[in-house]
Amino acid sequence: MTSIKNKFTAGIFALFAILIFATPSLAQSVDVNSALNSTLEAIGATASDAALENGATPEEATSAANDAISSIVAEVFGDRDAKIFNTLLFLIGGFLVMWMAAGFTMLETGLVRKKNVSMQALKNIALYSIAGLMFWLIGYNVMYGGEAGGFIGSFSPSNFPEAGAGTAEAGYSVASDWFFQMAFVAATASIVSGAVAERVRLWAFLAFTVVLTGLLYPITGMWQWGGGWLSELGFSDFAGSTLVHSVGGWAALAGVIFIGARNGKYGANGMVTPMPGSSIPLATLGMFILWMGWFGFNGASQLAMGTIADVADISRIFANTNLAAAAGAITAMILVQLIYKKVDVTMVINGALAGLVSITAEPLTPSVPFALFIGAIGGAIVVFTIPLLDKLKLDDVVGAIPVHLLAGIWGTMIVPLTNDGTSYVTQLIGISAIGAFTFIASSIVWLILKVTIGIRVSEEDEALGLDKAEIGVEAYPEF
Amino acid sequence: MTSIKNKFTAGIFALFAILIFATPSLAQSVDVNSALNSTLEAIGATASDAALENGATPEEATSAANDAISSIVAEVFGDRDAKIFNTLLFLIGGFLVMWMAAGFTMLETGLVRKKNVSMQALKNIALYSIAGLMFWLIGYNVMYGGEAGGFIGSFSPSNFPEAGAGTAEAGYSVASDWFFQMAFVAATASIVSGAVAERVRLWAFLAFTVVLTGLLYPITGMWQWGGGWLSELGFSDFAGSTLVHSVGGWAALAGVIFIGARNGKYGANGMVTPMPGSSIPLATLGMFILWMGWFGFNGASQLAMGTIADVADISRIFANTNLAAAAGAITAMILVQLIYKKVDVTMVINGALAGLVSITAEPLTPSVPFALFIGAIGGAIVVFTIPLLDKLKLDDVVGAIPVHLLAGIWGTMIVPLTNDGTSYVTQLIGISAIGAFTFIASSIVWLILKVTIGIRVSEEDEALGLDKAEIGVEAYPEF
Amino acid sequence: MTSIKNKFTAGIFALFAILIFATPSLAQSVDVNSALNSTLEAIGATASDAALENGATPEEATSAANDAISSIVAEVFGDRDAKIFNTLLFLIGGFLVMWMAAGFTMLETGLVRKKNVSMQALKNIALYSIAGLMFWLIGYNVMYGGEAGGFIGSFSPSNFPEAGAGTAEAGYSVASDWFFQMAFVAATASIVSGAVAERVRLWAFLAFTVVLTGLLYPITGMWQWGGGWLSELGFSDFAGSTLVHSVGGWAALAGVIFIGARNGKYGANGMVTPMPGSSIPLATLGMFILWMGWFGFNGASQLAMGTIADVADISRIFANTNLAAAAGAITAMILVQLIYKKVDVTMVINGALAGLVSITAEPLTPSVPFALFIGAIGGAIVVFTIPLLDKLKLDDVVGAIPVHLLAGIWGTMIVPLTNDGTSYVTQLIGISAIGAFTFIASSIVWLILKVTIGIRVSEEDEALGLDKAEIGVEAYPEF
Amino acid sequence: MKLVMAIIKPSRLENVREALSASDVHGMTVSEVKGYGRQKGHTEIYRGAEYAVNFIPKLKLEIAVKADQADNIVSIIRNSAESGKIGDGKIFVFDLEQVTRIRTGETGDTAL
Amino acid sequence: MKLVMAIIKPSRLENVREALSASDVHGMTVSEVKGYGRQKGHTEIYRGAEYAVNFIPKLKLEIAVKADQADNIVSIIRNSAESGKIGDGKIFVFDLEQVTRIRTGETGDTAL
Amino acid sequence: MKLVMAIIKPSRLENVREALSASDVHGMTVSEVKGYGRQKGHTEIYRGAEYAVNFIPKLKLEIAVKADQADNIVSIIRNSAESGKIGDGKIFVFDLEQVTRIRTGETGDTAL
Ligand SMILES: Nc1ncnc2c1ncn2[C@@H]1O[C@H](COP(=O)(O)OP(=O)(O)O)[C@@H](O)[C@H]1O
Ligand SMILES: Nc1ncnc2c1ncn2[C@@H]1O[C@H](COP(=O)(O)OP(=O)(O)O)[C@@H](O)[C@H]1O
Ligand SMILES: Nc1ncnc2c1ncn2[C@@H]1O[C@H](COP(=O)(O)OP(=O)(O)O)[C@@H](O)[C@H]1O
């Protein structure tokens, strides 16, 4: 047996040597490979010993050892690559969703009036920064550090494996998952930023962002993606029509109600004074950035890329996501042409985004015609509900509520149409529970801020524009 | 033998178990692995049985079984990863080319006058949406659903494998290929959008887009990339100098001729009244977006990333693409300085883009000096032909014809210089056939639209600006 | 023995050949696998024969055969995939860092006055083009073609492997590395462009760029990343706080000194006349583009992604990079609120960028609290040093010196806090050596340009604006 | 005929326009201007450097009216533009010698 | 001396400028304005809400001329600015008491 | 009362403003204009086509002053706006019949 073992050791050394010289990482290979080596040796020996103890012939033992080693070789490279692919998916998806922060910023600076553009830019830089900080400080563990079926996770900062530690037990690196999830919470806060634009006080908004990104979003997120009670119930929300978009929408709705409409927006007799945005090209750019980022948002929500099935599903998600957005845009365009005789481009922008939000709850199972249908209804929703909100004197500057809240509800409710494992009732329960929690909690936060530091700038500052009043820097200064 | 077989089965079960627990995909692993398992078992048993039947010793049989299993393990992971890499290439390339839609939009909104900016934004959002829809509805199968050597594919919507099906027989997932190719057809339509800007009627342009993206582009695309007659002939167009850019250019040329120049552009005695674009920074941003997207456009046209040779080729393509663009920009810059004494930045922007278009027909085979040469001539082409078009009273608002049509022809014609497998005659045949078809077919479509719904806005609306006339939303509203 | 060795070599070549030509995309697995199988069989047989010839028992021979097979499977697929991953990392990182060219352009066109916007756009397109050209012509080999411990590499153009050659001996494809490194040198030149904006002569700036990107940056780059004397000394600069950002900052400082302040910027009695930037949204967009690109800048500076440890480290780098930027932005925001009572958004933009520069020297080893600390100090640096530079009458239009030079020094000096393998003394030596060289060499180049072609536009042209004076195209033309 | 030229706060435009259209005013021309008067500018900070914003955005209205309407128009503007805060603006009245309507060539009062 | 102030359609500027340069006019100052008159604004829709666009973009020309040239200039402008459609604009003539050329200090007719 | 209207080079604004605030001027209104005079435009190239830039950016100042101040103000502007190069601009003086301060309703000299 020793000779077999020696041969084995020699073989493993060969394998080891090959790996060292062939695996082109710079620093860590040695550690990886020495681990690999001893593992292979142990496995081979164990298998062979086990076979002998069971009365196998030496040949059978050799064969058992080799089988075990073959399988571990397969595992090592198959598994290594799968984990790299999974992590890479989070990294690529992560930078794409991070990029959506720029998309929201361009969309929103384009849709606010010239005098509030710098403020909108500042708010969105700040909220993205805060989202990262808060999601590290407590958010991630509130969301993912809980028990199955639970309501809330734990309160502690995130911890990433040391440099070079190279653990990826979950099938991907923890930090890549954190990064990807962090970009989602930032998107939620961006939604609120647009709705309450042009009159919210900077520091009040930022205080709200702290609570939203550290606590509110992670709590409802825990219910589903953190493995909490909703996920046990069978609720289904693939990439966050409800968990991200509606949550942002509910928080925005509470904000809009407590802050009130911009001065002059609503006159007597239901008269509405439109306040056209400062730059259509920037709003358009924002939409394209968001559209691009959504491939990360939905695609990487597959959460794995290490098998052909996974990557094929991601491809399917890309196609469906793109086509739902297209259907949303085209539907909105046709509807505004029919209703208003002119094609308000801001409605088309919102239509595309509503298509994207609608497909987000289930971008995988629908066949293309269903994806088109889901996106098209999303586009129709914005065309019909934007004026409706004005009737209710809910002054949502960029259309965040129709796009993210209403299309988000639609997208979540329609999941059972194409996904057999889900039920309309459960979807409704999830939407209601998350909606109720977020709306009530947000209202409380807005209320507290209102009675303490105040959430609205003075009438004079609002007339002057927030850029002059709170920033001191005009967005487009003149002579 | 039974014991060996049992051992084998046990070994395979071990492999199977390891794979299930180690491969960190969430849903599909079980299917994949059970398939894997039975395949491995069958292969091992068959090999071993065959060996015994052929009079092999048990040792030889064991060894045969192990060989067979080793090879299948190699296949499974080697092939799996190659397919994942290929699909990933399409997905990354796809979102980069999709991003070019934003690039064209920024370039073109920057180069039209202030009063037509919203319209340009709208047209480009709409065309990207329509391109997706039409390419799904018929385009993809018109292009790829035909027979070798043929002229046209079949008329049917695209079908993607079910969620979780995980097939990638072609070496990549079908939906990822669809997504990548769809972004190309959108680029073609974007080219037309820029050329006919500032006077085309919205719905006429969109109707043209429907035909272009559903039919015209896919037909000539079929001839080459769909395996049709041109590809059999030996025509070569790596990433589409002709198939994408010239096709867009020919369609644009037909449009420019049938729609006519903007009012006031051409006066008596060959006088030209320039109509400077509204925003140089947005045009510059558009160029940078396109430049970035081109790495997807050319790089992912390698169509495979599953071998070292492929990924090295993609790297070479990246370098060549970047340097050809640089050469185009620098050449244009030097030429305008010498000729006009000032450096018109819009010429430099067009120069960089012409460099990109020029290298697109063959970004792989040229060594760097050749890539620089090819790009530089592209840059020179725009400097000399932009004023030429004005002499011919062809009013191409953004320089689409010099950049995409003329540099596209140049790039395609020069392929044989660095690619031995091609001939100048065949290149000329391809260019001519595709050009003739696209120009004639486009002319017919424009003509039909002209005599039916009309392709040009009223003189009054043109003077007022399309934003007020057809959109109702100014791009940069004032008090 | 020789015959056996030859068989082996032949077998491996055959396997490689099969992989290269058959695996990637369209070819069918069946062929691949049958070819693969026989190759593996041959290898196994050879190994077994060799063992028997050397007097091994049949069992030992079987085992040797299996070892050989296992190892070749591991090598071929493990190595292939690792090399693909590494190259892919460079390609993705490369296009993200290339994208930073657009980020700098947007940041800088947003922060210069309206009358100099087209010029800024032109300069940044041109510098990116020149950087590519020069880095190909000599830069890459000056930087990477030298001897260990040396001072300068060789003067020759870069050479990439032929199409299809598929070599990746370094563990990645050479062209992908070139592309990635080229984008870094462009970033360095972009830094200078912003600092000397609004008064530098176009061609003088471009001449400086030629020297900077072809010679100055590559020389100091050689000292560290090219394996030169600084790297032997133990200097540590992970992704270039010093090698990229400070080098750009020193060159900018020399430029600012030799060119002098914009007319009217500094009055009598230390009076400073601010010259507000033309577009805050574009500056904000630029910051977001840079932030996004930085994931490529720092993440891909891991230089390898072929092991789980590498990809996990990249993830850690992403998280740290993001959080350092967030800390920089938030710190700047709080400080300007406290000091000036209003939140100047341009300071917050600079704060985020300073956070990014600070973490660049070591984005891997810090735990999150350290990353936050490093970024926060970066943010504080800009708030305190921007007015300081004005006191010194150093007119740095976009804050390039505080952001890139000062935060770069900070980031480099603080490396030893979290990285045991480094020392404060060595860091200081590296910073000083690179700083002294770059500042002196840059000064000489600026001086030569000053006394020859002149580096500053006429007072009249400066008052008129460079767009009219040197470009002939206004950035935002009016009626 | 008289030309009434008023400098007002931008936020009062709608108010003034409505008040005037209720009266007998047939037309108006508006331009964006900046100004200072009693209401001096203020200081602002940009990148840590203080600077004076000397001019404040205003709108300038020009309204040609019949000579006898001028006083009435002035008081309508005064009432509708007033916010009571500093910087409300001024109303100037000039003599207008002649008016021609381009479209018809009419001149004098009928051209207003 | 007189100051001729004309409100015209933006698209007629080139026409007017050319017509004037053929005459004896030495200079002109142009500004962007918005206005209404007979040509009322129109309603527009933004995000589903109707609103009145009360002001239409126009250009204002100011041309200082010798007293005896005024009528001629007015008729040149009238002819070159006319499109015959509503909204063509108006021409106002004011008395101009004094002119100084900044560069030379010349005053009166020679300063024009 | 008089209205002094000056067309100056944009780069001289600060100079003029400072010179005037040293005198007895209480307010000023500025607008962006374009003009030509002795200083004709120039030709520019855009995408290979030559075109005439006929108008050059200027600033227009309007300052209402007491009648007896007018000459003084004109000469202050003249001195502070002069660069000695062509295109320095012009100063026009008009008679101003009436002034009303919107905030208080004061009229005449005290309203200036
Ligand atoms: N003497 C003046 N000449 C021209 N414009 C003036 C004059 N005085 C004031 N204005 C204009 O009127 C605006 C408001 O005047 P200001 O004195 O600030 O307010 P108020 O009249 O309420 O005291 C100024 O911003 C300026 O545009
Ligand atoms: N009474 C007025 N005072 C000042 N500007 C006027 C007056 N009437 C007309 N305008 C200016 O002339 C422009 C054209 O006048 P309008 O009455 O619409 O056309 P028309 O003279 O062809 O009937 C208006 O937009 C406005 O700028
Ligand atoms: N006759 C005029 N009527 C109105 N504005 C004029 C007239 N002449 C000159 N201007 C204005 O004055 C500016 C400078 O005049 P110009 O003749 O070029 O300079 P200078 O007075 O130094 O010779 C012109 O750009 C124009 O705006």
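Each of D/Ile56, D/Ile7, D/Ile77 has some count of heavy-atom pairs under 4.5 Å with chain F, and the biggest count is that of D/Ile7. The candidate with the highest count of non-hydrogen atom pairs below 4.5 Å against chain D, out of F/Leu3, F/Thr100, F/Val25, is F/Thr100.
The parts of D/Ile86 that come within reach of chain F are both its backbone and its side chain, each placing non-hydrogen atoms under 4.5 angstrom from that chain. For D/Lys60, the part lying near chain F is the side chain, with the backbone staying farther off; criterion is any non-hydrogen pair under 4.5 Å. Of the two parts of D/Asn79, neither the backbone nor the side chain holds a non-hydrogen atom closer than 4.5 Å to a non-hydrogen atom of chain F. Contact of F/Glu62 with chain D is made through the side chain alone, with heavy-atom distances under 4.5 Å. Heavy-atom distances place the backbone of F/Thr104, and not its side chain, under 4.5 Å from chain D.
Atom CG in F/Leu96 sits 11.5 Å away from atom CG in D/Asp95 (nearest 0.5 Å). Expressed to the nearest 0.5 Å, how far CD1 of D/Ile91 lies from CD1 of F/Ile102 amounts to 4.5 Å. Distance CG/F/Leu112 to NZ/D/Lys90: 7.0 Å, rounded to 0.5 Å. Going from atom CE of F/Met28 over to atom OH of D/Tyr36 covers 3.5 Å, rounded to the nearest 0.5 Å. Here the CZ-CG distance, from D/Phe55 to F/Leu13, works out to 4.5 Å after rounding to the nearest 0.5 Å. Between the CG atom of D/Asn54 and the CD atom of F/Glu14 there is a distance of 5.5 Å, given to the nearest 0.5 Å.
Ion pairing between F/Arg103 and D/Glu82 fails under the 4.0 Å rule for side-chain N and carboxylate O.
Two residues are said to be in side-chain contact when any heavy atoms from C-beta on lie closer than 4.5 Å; F/Thr29 and D/Lys34 fail this criterion.
Contact detail for F/Ser31 and D/Glu32: the closest heavy-atom pair is CB-O, 4.0 Å.
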